[in-house]
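Structure first, commentary second.
FYI, the numbering just counts along the sequence from 1. Order of appearance sets the numbers: ligands from 1, and atoms from 1 within every ligand.
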Amino acid sequence: MMQTALELRNLSKTYHIRAGGGLFPAVNTLHAVRGVSLILPRNKILGLVGESGSGKSTTGLMALRLLEPTGGQILVGGADITGLDHKALKPFRRKMQVVFQDSYSALDPMMTLAQIVAEPLHIHGLGSAREQTDQALDWLVRVGLDRSYGSRYPHELSGGQRQRVAIARALILRPDVLVADEPTSALDVSVKAQIINLLQDLQAEMGLSILFISHDLSVVRSLTDSVAVMLAGRIVEQAPTEAIFADPQHIYTRSLLDAIPALNPKDRQRRSFISPAQIEAGTPRYSAAALGIPPSDVPGLVQVSPDHLVEAVVTP
Ligand SMILES: Nc1ncnc2c1ncn2[C@@H]1O[C@H](COP(=O)(O)OP(=O)(O)OP(=O)(O)O)[C@@H](O)[C@H]1O
Ligand SMILES: [Mg+2]
């Protein structure tokens, strides 16, 4: 039986946005995430892909309890952390860390790199000040910097070096789960490859479980064990990485794969993959008899082969 590091059950997030002013402004409802269920097994990397605005970061932040879900549950190592208060959550905070695209803004400019990397140990009261600094310097080495970097400041670093520091800071508490939200999107190609290699090495050494959020499907292909595809707040396909790339079932997954060469941060905002009408017309259909489940007019996630889930209509 595969052990689960992180599980999301039917997670959702709804925003109510006031449109206009006055005494009774209109309120628009935005379903940023709608009913996402995901399992991140221990010691595996799960990729979360989908166009801009599909709800990837919202999902990642809710998984970490850095953003409150509107509904659903979050389980860490089997424990439901959805309703835990600040105090009860603290031991779980140690187990779950995050690296963002723009880690620079998260690094305090007034602190040395040794202080920045040691801070989580300090917050959780682990070890003496001396031990905390020693561990931080060891971690700087582990992420490919040397100990002399301990006395430097964030502004002295390149983008790739900053991401190395962010990774050291995230991993110094030896978390079980790492959420990496576009950790390499702001980096040049060669630096990006180095950071991906570093993450890959550390994952293997530490037995980390990583939720890897990315637009970069070539990175996702080389790094992840399985992939979940998000569209407009929901998961439309989830499968082992080979199956997603070799045998995509959903029209939206295919459109994402077709667009790989254009998937760079500069033009991703402009890119519109596929229209809602095309998606509706192209929603896969499977026969109920073949799947051994009742027919349904409403598209939902169905299992089309072991470990391969697709949003589909099940025909009689
Ligand atoms: N605080 C907020 N208030 C209102 N709407 C929000 C808020 N945060 C996010 N959204 C909306 O929720 C939706 C999902 O946003 P999210 O950032 O999760 O997308 P994403 O898939 O991470 O996109 P990107 O690839 O650009 O990072 C978007 O429509 C976004 O505008
Ligand atoms: Mg995002």
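- Residue contacts with ligand 1: G53 is included, with a non-hydrogen atom under 4.0 Å away.
- When non-hydrogen atoms are compared, ligand 1 lies under 4.0 Å from the side chain of L30 (C-beta onward) but not from its backbone.
- The heavy atom nearest to atom 24 (P) of ligand 1, considering only S52, G233, S214, G50, is found in S52.
- A donor-acceptor contact closer than 3.5 angstrom is absent between the side chains of Q278 and Y252.
- Seen from the ring of Y15, K13 counts as a face-on cation partner, given the 6.0 Å and 45° thresholds.
- At a cut-off of 3.5 Å, with distance as the only test, no side-chain donor of N10 or S37 sits close to an acceptor on the other residue.
- Annotation: protein N, O or S atoms under 2.8 Å of the Mg ion (ligand 2) (waters excluded) comprise S57 OG.
- The residues R142 and E205 are annotated as salt-bridged, a charged nitrogen and a carboxylate oxygen being separated by less than 4.0 angstrom.
- At least one N/O-N/O distance between T58 and ligand 1 falls below 3.5 Å.
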Atom pairs and distances, donor-acceptor, side-chain atoms in residues 110-119, under 3.5 Å, two or more places apart:
residue	atom	partner	partner atom	Å
T112	OG1	Q115	N	3.1
T112	OG1	Q115	OE1	3.4
T112	OG1	G150	O	3.4
Q115	OE1	T112	N	2.9
E119	OE1	R169	NH1	2.7
E119	OE1	R169	NH2	3.2

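- Counting only non-hydrogen atoms, the option in G55, A232, S185 that gets closest to atom 19 (O) of ligand 1 is G55.
- Across every non-hydrogen atom of A170 and L178, the tightest pair is CB-CD1, 3.9 Å.
- When the heavy atoms of S57, S54, A32, G60 are ranked by distance to atom 22 (O) of ligand 1, first place goes to S57.
- At a 4.0 Å heavy-atom cut-off, ligand 1 touches H215 through the side chain alone.
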Intermediate values then yes/no, side-chain contact (heavy atoms from CB on, under 4.5 Å), L173 and L126: CA-CA 9 Å; L173 290 170; L126 301 170; 3.6 Å; yes
For the pair V33 and M62, evaluate side-chain contact (heavy atoms from CB on, under 4.5 Å) and give the outcome as yes or no after the intermediate values. CA-CA 10 Å; V33 173; M62 288 193 291; 3.9 Å; yes
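- A salt bridge between R9 and D80 is absent, with no side-chain N of the basic residue lying under 4.0 Å from a carboxylate O of the acidic one.
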